[in-house]
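Let me begin by presenting the structure, written as structure tokens, before commenting on it.
Bear in mind the structure is a predicted one, so any value in this text is a computation, not a measurement. Both ligands and their constituent atoms are indexed starting at 1 by order of listing. Throughout, numbering of the chain's residues begins at 1 and tracks the sequence.
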Amino acid sequence: MEKKGALLIISGPSGCGKSTLLKNVYKEIEDYYFSISTTTREPRVGEKDGVDYLFVTREEFEEDIKTGQFLEWAEVHGNYYGTSLKPIKKAINEGKLAIFDIDVQGHEIVRKKMDDKVVSVFITTPDLKELNNRLTSRGTDSQEVIDRRVENAKYEIKYFQKYDYFIVNDDLEKASKELVSIANIARVKSKLFDKEEVLSNWIN
Ligand code: ADP
Ligand code: 5GP
């Protein structure tokens, strides 16, 4: 049977370790496509346009909203973030696992639009104090930006049970193993398979 395209949504407070975990497990995930979001936030030191994000102005983002380019978009920490529809459709048609790192609002929207194809995981630190420590030691954001992210984390954590899976990223190796298992499970969700095609092997 043909491999079906699927969606893996990853959310969790900024600084919980989503990018670190993904980098750690990519080599173990088969045939994936990582969705590069568009954002109006300033690039961090070391981030590259077209690799980490597509960095645009607020005017450009608003134009893309108007012309229906986004599968979903949201305002997070005062900046716009969005997922372009076209590359996601392409990845699904090619039977890939499309991986998204999006916030809780984006998760709700994609769930409504493509529930049959979605598996989702909420990732977090053991507590707020550790989140603060990680944001501080990452050293990429000002104190004001860190405070805003910590504040937003208190809102985001309330949504964790809307997700299929929950990973506490304490021990990186343990969390990585859990993430690989979830990526594998996302490919065998029953609703991904065409009912007629499956039944044709059973009913004449
Ligand atoms: P996110 O992508 O969720 O914003 P990052 O991947 O940038 O978060 O991680 C934030 C910081 O936490 C980085 O400095 C990273 O090295 C560190 N980090 C990630 N996972 C762990 C872990 N399991 N234990 C300790 N530090 C971690
Ligand atoms: P950061 O600025 O730390 O890279 O990301 C901030 C937050 O925006 C994170 O919670 C991340 O998951 C979310 N985010 C990144 N890209 C998108 C996107 O395309 N859509 C939505 N809704 N959220 C996103």
Side-chain angles (χ1 to χ4, degrees), residues 7-26 33-56 61 64-65 69-88 98-114 118 120-142 144-160 162-163 167-179:
L7 307 177
L8 174 61
I9 298 184
I10 296 175
S11 303
S14 179
C16 71
K18 298 181 296 295
S19 321
T20 308
L21 265 169
L22 280 169
K23 269 186 208 128
N24 210 29
V25 304
Y26 275 141
Y33 163 77
F34 181 70
S35 168
I36 301 171
S37 296
T38 302
T39 184
T40 59
R41 91 148 155 70
E42 288 295 312
R44 294 186 187 123
V45 174
E47 279 185 334
K48 287 197 185 76
D49 189 32
V51 176
D52 301 283
Y53 280 105
L54 297 163
F55 295 99
V56 299
F61 198 101
D64 282 355
I65 296 174
Q69 305 295 317
F70 292 120
L71 166 62
E72 65 75 33
W73 64 271
E75 197 154 3
V76 191
H77 316 129
N79 293 302
Y80 285 132
Y81 293 84
T83 307
S84 297
L85 182 58
K86 239 184 179 172
I88 298 300
I99 304 176
F100 305 55
D101 171 350
I102 60 178
D103 87 319
V104 294
Q105 305 170 74
H107 170 247
E108 295 245 319
I109 298 168
V110 182
R111 273 274 177 209
K112 280 197 189 118
K113 291 188 175 172
M114 294 182 160
V118 174
S120 66
V121 53
F122 193 93
I123 301 178
T124 182
T125 47
D127 54 34
L128 203 61
K129 191 162 166 269
E130 176 61 13
L131 185 72
N132 219 324
N133 291 344
R134 287 192 195 169
L135 283 167
T136 307
S137 65
R138 185 167 72 184
T140 52
D141 301 300
S142 66
E144 191 195 336
V145 168
I146 291 177
D147 291 346
R148 202 161 183 182
R149 279 157 196 268
V150 169
E151 218 29 63
N152 198 50
K154 294 185 203 166
Y155 149 80
E156 291 182 286
I157 193 73
K158 292 184 184 144
Y159 288 80
F160 86 92
K162 297 239 177 207
Y163 289 73
I167 296 180
V168 177
N169 176 24
D170 192 0
D171 174 341
L172 188 66
E173 285 319 305
K174 180 171 174 280
S176 299
K177 279 192 188 138
E178 289 171 347
L179 187 54

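In terms of polar-atom proximity, Ser37 is counted as a contact of ligand 2, with an N or O under 3.5 Å from an N or O of the ligand. Remark: ligand 2 and His77 share no N or O pair separated by less than 3.5 Å (distance only, no angle test). Between Gly82 and ligand 2, an N or O atom pair is found at a separation short of 3.5 Å. In terms of polar-atom proximity, Trp73 is not counted as a contact of ligand 2, lacking any N or O under 3.5 Å from an N or O of the ligand.
At least one heavy atom of Arg149 sits closer than 4.0 Å to an atom of ligand 2. At least one heavy atom of Tyr53 lies less than 4.0 angstrom from ligand 2. Residue contact annotation: Ser11 has no non-hydrogen atom under 4.0 Å from ligand 2.
When all heavy atoms of Ile36 and Tyr33 are compared, the pair lying nearest together is N-OH, 4.2 Å. The heavy-atom pair separating Ser14 from Glu156 by the smallest distance is N-OE1, 4.4 Å. What you find for Glu72 and Val110 is that their closest heavy atoms are CG-CG2, 3.7 Å. Nearest approach of His107 to Lys162, heavy atoms of both residues: CE1-O, 3.4 Å.
Residue Arg111 qualifies as enclosed at atom CZ: its count of foreign heavy atoms under 6.0 Å is above 12. Within a 6.0 Å sphere centred on OH of Tyr53, heavy atoms belonging to other residues, nucleotides or ligands number more than 12.
Side-chain atoms of Ser11 come within 3.5 Å of backbone atoms of Ile102 as a donor-acceptor pair (strictly under, hydrogens ignored). Counting only distance, with no hydrogens or angles, the side chain of Asp49 and the backbone of Phe55 share a donor-acceptor pair below 3.5 Å.
Only the side chain of Arg44 comes within 4.0 Å of ligand 2, judged by heavy-atom distances. Residue-level proximity to ligand 2 for Glu72 is carried by the side chain, the only part with a heavy atom below 4.0 angstrom.
Expressed to the nearest 0.5 Å, how far CG of Asn79 lies from CZ of Arg41 amounts to 7.5 Å.
Using a 4.0 Å cut-off between charged nitrogen and carboxylate oxygen, Glu173 and Lys177 do not count as a salt-bridge pair. A salt bridge links Arg134 with Glu130; the closest basic N to acidic carboxylate O contact falls under 4.0 Å.
Distances from atom 6 (C) of ligand 2 to the heavy atoms of Phe70, Phe100, Tyr81 put Tyr81 nearest.
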Trace of the side-chain contact (heavy atoms from CB on, under 4.5 Å) decision for Phe100 with Leu71: CA-CA 12 Å; Phe100 305 55; Leu71 166 62; 3.8 Å; yes

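For atom 11 (C) of ligand 2, the closest non-hydrogen atom of the protein is Asp101 OD1, 3.5 Å. Counting only heavy atoms of the protein, atom 23 (N) of ligand 2 lies nearest to Asp103 N, 3.0 Å.
Screening Tyr81, Tyr80, Phe70 against Thr38 for a side-chain contact (heavy atoms from CB on, under 4.5 Å) leaves a single residue, Phe70.
Taking a cut-off of under 4.0 Å to the non-hydrogen atoms of Ala74, the atoms of ligand 2 that pass are 22 (N). Each of the atoms 22 (N) of ligand 2 lies under 4.0 Å from some heavy atom of Gly106. Here is the list of ligand 2 atoms found below 4.0 Å of a heavy atom in Arg41: 1 (P), 2 (O), 4 (O). Every atom of ligand 2 with a heavy atom of Ser14 under 4.0 Å away is listed here by number and element: 3 (O).
Ile10 has its side chain within reach of Leu179: a pair of non-hydrogen atoms, C-beta onward, lies under 4.5 Å apart.
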Could you list each N/O atom of ligand 1 together with any protein N/O atom closer than 3.5 Å, one pair per line with the distance?
{"from": "ligand 1", "atom 1": "2 (O)", "to": "Ser19", "atom 2": "N", "distance (Å)": "2.9"}
{"from": "ligand 1", "atom 1": "2 (O)", "to": "Ser19", "atom 2": "OG", "distance (Å)": "2.5"}
{"from": "ligand 1", "atom 1": "3 (O)", "to": "Gly15", "atom 2": "N", "distance (Å)": "3.4"}
{"from": "ligand 1", "atom 1": "3 (O)", "to": "Cys16", "atom 2": "N", "distance (Å)": "3.4"}
{"from": "ligand 1", "atom 1": "3 (O)", "to": "Gly17", "atom 2": "N", "distance (Å)": "3.0"}
{"from": "ligand 1", "atom 1": "3 (O)", "to": "Lys18", "atom 2": "N", "distance (Å)": "2.9"}
{"from": "ligand 1", "atom 1": "3 (O)", "to": "Lys18", "atom 2": "NZ", "distance (Å)": "3.0"}
{"from": "ligand 1", "atom 1": "4 (O)", "to": "Gly15", "atom 2": "N", "distance (Å)": "2.8"}
{"from": "ligand 1", "atom 1": "4 (O)", "to": "Arg138", "atom 2": "NH1", "distance (Å)": "3.0"}
{"from": "ligand 1", "atom 1": "6 (O)", "to": "Ser19", "atom 2": "N", "distance (Å)": "3.4"}
{"from": "ligand 1", "atom 1": "6 (O)", "to": "Thr20", "atom 2": "N", "distance (Å)": "2.9"}
{"from": "ligand 1", "atom 1": "6 (O)", "to": "Thr20", "atom 2": "OG1", "distance (Å)": "2.5"}
{"from": "ligand 1", "atom 1": "7 (O)", "to": "Arg138", "atom 2": "NH1", "distance (Å)": "2.8"}
{"from": "ligand 1", "atom 1": "8 (O)", "to": "Gly17", "atom 2": "N", "distance (Å)": "3.1"}
{"from": "ligand 1", "atom 1": "20 (N)", "to": "Asn169", "atom 2": "ND2", "distance (Å)": "3.1"}
{"from": "ligand 1", "atom 1": "23 (N)", "to": "Asn169", "atom 2": "OD1", "distance (Å)": "2.9"}
{"from": "ligand 1", "atom 1": "23 (N)", "to": "Asp170", "atom 2": "O", "distance (Å)": "3.0"}
{"from": "ligand 1", "atom 1": "24 (N)", "to": "Arg134", "atom 2": "NH2", "distance (Å)": "3.3"}

